[in-house]
Amino acid sequence: MYREWAPDPAIAGRVTCLWTSTATSAGTKLVLPDGSVDLIWGPDGPQVAGPDTGPQPVRMSPGDRYVGIRFRPGAVGEVFGVPVEALRDLRVPLAELGVLPGLTADTMQEALAVRLRATPTPDPAAPAIAAALGAGKSVAEVAWDLGLGERQLHRRSLRAFGYGPKVLQRVVRFQRALRLARRGTALAEVAVASGYADQAHLANEVRRLAGVPLGRLLGRT
């Protein structure tokens, strides 16, 4: 069972939501790329889930409970003491990062609010980069709109999101397609609305980013 809710106002500018997930049966859950970084308290204690470029399988047993704080894309900065690209495709125990000592599942929001105030603000252009790519603009167009060269945009994206703008574009396009498909939109329309060349392009990208066909993600197979 999964549930999410709004964060405390003290961290809302950097955090999308808080969430909890409890396993009711044994199985493997696929965590899909979404451009975010999460601070998670699970059965093995606190860990940081870095920005993913592919599916991350999580083996769950009945009763396993996870509590998480999800950062907005590009908003994590160096809250965890390392560049965000160093966390890409990783799950790192919080103890290895040497930050937020003494954290408990009940104090995650308060401790994070203190930590956020003590670390530099992330790139202010990050929300605009993510929004423009999510709206279907090309990397070249986004760079032009921000008055940057494409190499500058790549460096800033790497620091903000953990990967370059082309990967970010693929991730946000995939997430948009998934949202539309889950609402029942016809897949041909999903492909066009999300910026794919056609339905075959959509199917291929879903397999690359999720590791399984779109029909399985939608519970149709």
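What you are looking at is a predicted structure, and each value in this text was computed from that prediction instead of being measured. Hydrogens, waters and symmetry mates are skipped; everything else that's a heavy atom, side chains included, is used.
One hydrophobic cluster holds both Leu209 and Leu30 under the rule that ILVMFWY side chains link at heavy-atom gaps under 4.5 Å. Val142 and Leu158 fall into different hydrophobic clusters, where Ile, Leu, Val, Met, Phe, Trp and Tyr residues are linked whenever their side-chain heavy atoms come under 4.5 Å apart, directly or through other members. One hydrophobic cluster holds both Val67 and Val15 under the rule that ILVMFWY side chains link at heavy-atom gaps under 4.5 Å. With hydrophobic clusters built from ILVMFWY side chains whose heavy atoms lie under 4.5 angstrom apart, Met108 shares a cluster with Val99. Residue Leu153 is grouped with residue Val167 when hydrophobic side chains (ILVMFWY) are merged at heavy-atom distances under 4.5 angstrom, including chains of intermediate members.
When all heavy atoms of Ala160 and Ala126 are compared, the closest pair comes out as CB-CB, 4.0 Å. Here the closest non-hydrogen pair linking Pro46 and Leu103 is CB-CD2, 4.2 Å. Scanning all heavy atoms of the two residues, the minimum distance from Ala130 to Leu168 falls at CA-CD2, 4.3 Å. Heavy atoms only, all atoms of each residue included: Val206 and Pro213 are closest at CG1-C, 4.1 Å. In plain terms, the two heavy atoms of Cys17 and Pro7 that are nearest each other are CA-CD, 4.0 Å. When all heavy atoms are compared, the tightest approach of Leu133 to Gln169 is CD2-NE2, 4.0 Å.
Screening residues 103-128 for side-chain hydrogen bond (donor to acceptor under 3.5 Å, both in side chains), with sequence neighbours left out, gives Thr104-Thr107, Asp123-Arg156. Identified under the ring pair (Phe, Tyr, Trp, His ring centres under 6.0 Å) test for residues 186-214, with sequence neighbours left out: Tyr196-His201. Among pairs with a residue in residues 185-208, those fulfilling salt bridge (Lys or Arg N to Asp or Glu O under 4.0 Å) read Arg170-Glu205, Arg173-Glu205, Glu205-Arg208, at least two apart in sequence or across chains. Here salt bridge (Lys or Arg N to Asp or Glu O under 4.0 Å) pairs that include residues 13-32, with residues two or more places apart or in two chains, number zero. Within the structure, every pair that satisfies the salt bridge (Lys or Arg N to Asp or Glu O under 4.0 Å) test and touches residues 76-98, not counting sequence neighbours, is listed here: Asp52-Arg91.
Legend: residues meeting salt bridge (charged side-chain N to carboxylate O under 4.0 Å, His left out) with Arg72, ordered by chain and number and at least two apart, are absent. For Asp64, there are no salt bridge (charged side-chain N to carboxylate O under 4.0 Å, His left out) partners at least two apart in sequence or on another chain. Qualifying ring pair (Phe, Tyr, Trp, His ring centres under 6.0 Å) partners for Tyr163, counting only residues two or more places apart in sequence or in other chains: none. With sequence neighbours left out, the salt bridge (charged side-chain N to carboxylate O under 4.0 Å, His left out) criterion links Asp145 to Lys137. Under the rule for a ring pair (Phe, Tyr, Trp, His ring centres under 6.0 Å), the partners of Phe80 that lie at least two apart in sequence or sit in another chain are Phe71.
For the pair Leu214/Leu178, a side-chain contact is recorded, criterion being any heavy-atom separation below 4.5 Å from C-beta on. Between Pro33 and Thr53 there is no side-chain heavy-atom pair separated by less than 4.5 Å. You'll find the side chain of Asp38 stays beyond 4.5 Å of the side chain of Val48, heavy atoms only. When side chains are defined from C-beta on, Asp34 does not count as touching Val172, because their heavy atoms never get closer than 4.5 Å. Annotation: side chain of Ser157 is in contact with side chain of Ile129 (closest heavy-atom distance under 4.5 Å).
Not one N or O on the side chain of Gln199 forms a donor-acceptor pair closer than 3.5 Å with the backbone of Ala191. In this structure a side-chain-to-backbone donor-acceptor pair under 3.5 Å is missing from Thr185 to Ala181.
Hydrophobic clustering, defined by side-chain heavy atoms of Ile, Leu, Val, Met, Phe, Trp and Tyr closer than 4.5 Å, groups Tyr2 together with Trp19, Val31, Ile40, Val58, Met60, Tyr66. With a 4.5 Å cut-off between side-chain heavy atoms of Ile, Leu, Val, Met, Phe, Trp and Tyr, the cluster of Val192 takes in none.
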Next on the checklist: Could you go through Leu18 and Glu4, starting from their C-alpha distance and side-chain angles, then the distance that decides it, and tell me whether this counts as side-chain contact (heavy atoms from CB on, under 4.5 Å)?
Outcome noted: CA-CA 5 Å; Leu18 277 73; Glu4 64 181 46; over 6 Å; no
